[in-house]
**Q** 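Please find one structure pasted underneath; my questions will follow.
Both counts, for ligands and for their atoms, begin at 1 and track the order of listing.
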Amino acid sequence: MASQTHNWFLFLLCMITLQCYQIFSTVATPDAKLYIVYMGERKHDNPEDVTASHHGLLTSLFGRKEDALASLVYSYKHGFAAMITEEQAEELAGIWPESKSFTMTATDRSRHGGKACARSARPSDLPTAAARSSAPDYTAGIDADDVKEDFLSPRDFFGHGTYTASIAVGSVVPGASFHGLATGAARGGAPRTRLAVYKVIWSSSEGPVATSAGVLAAIDDAIHDGVDVLSLSLVVPHDDSFGALHAVAKGVTVVYAGGNSGPTPQSIVNTAPWVITVAASTIDRSFPTVIRLGNNRTFIGQSIFYNRTYQSRNKFRPLHDGGSCTQESLNGTDISRSIVLCNSNNSISPVFSFIEALSNVLNAGGKGLIFAQFTTNILDITYQCTGVICVLVDFDVANRISNYAAAKRQVFSASISFVVGEGVLSPKVAWFSSRGPAVPFPGVLKPDVAAPGVSILGAERDSYVLGSGTSAACPHVSGVVALLKSLHPDWSHAAIKSALVTTASNINAYGMPIQAESTPRKIADPFDLGGGQIDPNRASDPGLVYDIDPREYFEFFNCTAGRFSVCAQARDQQPVYNLNLPAISVPDLMTRKTVWRRVTNVGEVDAVYKALVESPPGVRVDVQPPVLVFNATAKVHDFKVSFKAAHKLQGDYVFGSLTWSDGGDHVVRMPIAARVVIQDFYADVE
Ligand SMILES: *[C@@H]1O[C@H](CO)[C@@H](O)[C@H](O)[C@H]1NC(C)=O
Ligand SMILES: *[C@@H]1O[C@H](CO)[C@@H](O)[C@H](O)[C@H]1NC(C)=O
Ligand SMILES: *[C@@H]1O[C@H](CO)[C@@H](O)[C@H](O)[C@H]1NC(C)=O
Ligand SMILES: *[C@@H]1O[C@H](CO)[C@@H](O)[C@H](O)[C@H]1NC(C)=O
Ligand SMILES: *[C@@H]1O[C@H](CO)[C@@H](O)[C@H](O)[C@H]1NC(C)=O
Ligand SMILES: *[C@@H]1O[C@H](CO)[C@@H](O)[C@H](O)[C@H]1NC(C)=O
């Protein structure tokens, strides 16, 4: 797939944004160059505000206002020229200047004036005039004192922005790794894409803070700056995906992380029908770690374990079964210098049990922790282990190790060493990935798609880290969207989303159904992964798309969330069902329901598609007409999907699909969810 693209890209990480810096170097002098800093197109009514903001920006670079003024050569309406060093120019350019993922070649630099364009407000050091004119839009609800530990610049502080941006558009960096693990060339999904950063999340002593108002203001600025894709790996207290409607109406594709509150149902967030909501899946990267017992039996666990010093001194140590490794259960046992087997006692979240076990084992001087938990990927947590090596095993392996420890009277010992391996069944929907149905609109099937989001290598400061979350999955989709936009500049946002959803995969590379980590583990359904795992190559040639005129989104908005607006639809017309999304969800099927959809041919002009229906169990789904013939004049066809409940009961959600197939490469599949009910507003409480 072509990767040449020059889209503007937006990544939202921290608070506000004032100017969009593009830096052009011109005259060279021994240690300082003349840089022209172009500051976007924000309209400043008062020319003094502009000058003041230039002074403020330079003062923050130099520390002293006198030095800043001495450096200033010209002040333009939208920028200034100043004598600054290359380092200072890098600092202005924003996100982690030390990260290789955002470096560009000299030619790139002269063409784009730097890859990264960062925007941010500085709550405390903005010149008063500029701060007054813009900051309240962005900093609403955040006290500048609370965030003073953050860089008072667009520069990333806690790493989340750099990490996610590198996944979306990071340049190719050969030989990247996390301490020798996951070694290889690191690159983003669309490495030639230009990046604009809007810092909307600040680091405070209480953790990251962001407000919906700040995010909305940044989206506004991004629309104004002409970005093509918005990648939002964030969740704010009030679902702000409604705010993205104006971006979508202007042709911007908006991609959101779906949240990390899985596997609980109804936990999916950022669910407006016009955004792409992304679930996270595992990848085929594994970190097998060998546990060898004193009787030479070996077991394979998993650990992000990279301490080569430990590895080279690898030796047998005493082994103890610590039960749940609470303070009480370890009380009275000398576990110093030992390897301790601990069990998760918590079926909802092994993470909390793990943290407690780790702390107790460390405090008692233990050197190793073998942690038993149900089969979920919480691998990232093992790299919090310093001074002790942690290995995750399932209860079966733990039981065998426990039997060994109990059977022998004196010598029970174990050693731990690592190997890096492959051959892992993937993708699976990650345990933490938030699940549907969407609370605000169960008639809109969410999430839309799944993308890699577990143990993903990404940039942080001057190195690389392994991270997991829908935050990592979202920029994978954003990168692919940037590529699709460069390949199909005429496609609407809805067409791009449709292409991603209808070509996504529900089987893995071995032809087996994709599973979802859960309790118990199960075959993934549309509430876990929407249309499926994204398949960028197939998405570039989807055959048919479900397109939507942005006016229909406004109609949906007016008829659902818009409190003061006018709903043109009669109530029983159910616009939720008929919005032309590439998925159907019917949460209240009493006896019958009819849903309309429209497909547009974006493949070969002459094509014949046949409907293949996989009805949800207990529901009859019928498609009319079942054959669609496209030619030079017939590019668009409407069709009708009728749902009929086979039983009268208060049922659970059941799943199926509708696929249009041209008998060749084009398989246009939409997921279907339906729930049979007797009463309106049935609560799913079983
Ligand atoms: C374990 O294997 C090593 C060689 O790999 C051998 O020297 C040792 O005797 C074995 N120990 C037991 C208990 O079988
Ligand atoms: C690595 O292991 C050695 C030997 O056990 C230990 O001294 C050192 O602190 C460990 N380093 C880290 C980062 O855990
Ligand atoms: C599991 O152990 C933790 C830590 O000791 C304790 O706080 C919690 O109540 C236990 N949970 C269950 C379900 O037993
Ligand atoms: C550990 O055991 C001792 C005596 O058996 C008891 O006094 C102490 O309270 C226990 N500590 C904890 C944390 O349970
Ligand atoms: C939505 O409501 C507003 C009034 O609040 C109206 O101006 C607009 O035309 C409506 N849009 C649609 C598509 O119904
Ligand atoms: C396209 O197909 C329609 C019927 O589906 C037919 O009426 C029309 O003439 C066809 N147009 C061309 C250009 O073949």
**Q** Can you tell me which portion of Asn631 lies within the under-4.0 Å heavy-atom range of ligand 6? Options are side chain, backbone, both, or neither.
**A** side chain
**Q** Give yes or no for whether the N/O distance cutoff of 3.5 Å, strictly under, is met between Asn331 and ligand 4.
**A** yes
**Q** Protein heavy atoms: any of them under 4.0 Å from atom 4 (C) of ligand 4?
**A** no
**Q** Verify the distance criterion only: is there a donor paired with an acceptor across the side chains of Thr277 and Lys446 at less than 3.5 Å?
**A** yes
**Q** Would you please say whether a donor-acceptor pair under 3.5 Å links the side chains of Ser505 and Gln533?
**A** no
**Q** To check you understand the geometry: which heavy-atom pair defines the closest contact between Val254 and Ala247, and what is its length?
**A** CG2-CB, 4.0 Å
**Q** Assess, by modelled atom type and distance only, whether the side chains of His320 and Thr333 contain a donor and an acceptor separated by less than 3.5 Å.
**A** no
**Q** Does the protein put a heavy atom less than 4.0 Å from atom 14 (O) of ligand 4?
**A** yes
**Q** State the atoms of ligand 6, each with its element, that fall below the 4.0 Å cut-off from a heavy-atom position in Thr633.
**A** 1 (C), 8 (C), 10 (C), 11 (N), 12 (C), 13 (C)
**Q** Is the His246 to Tyr553 ring centre distance short of 6.0 Å?
**A** no
**Q** Measuring to protein heavy atoms, does anything land under 4.0 Å from atom 9 (O) of ligand 6?
**A** no
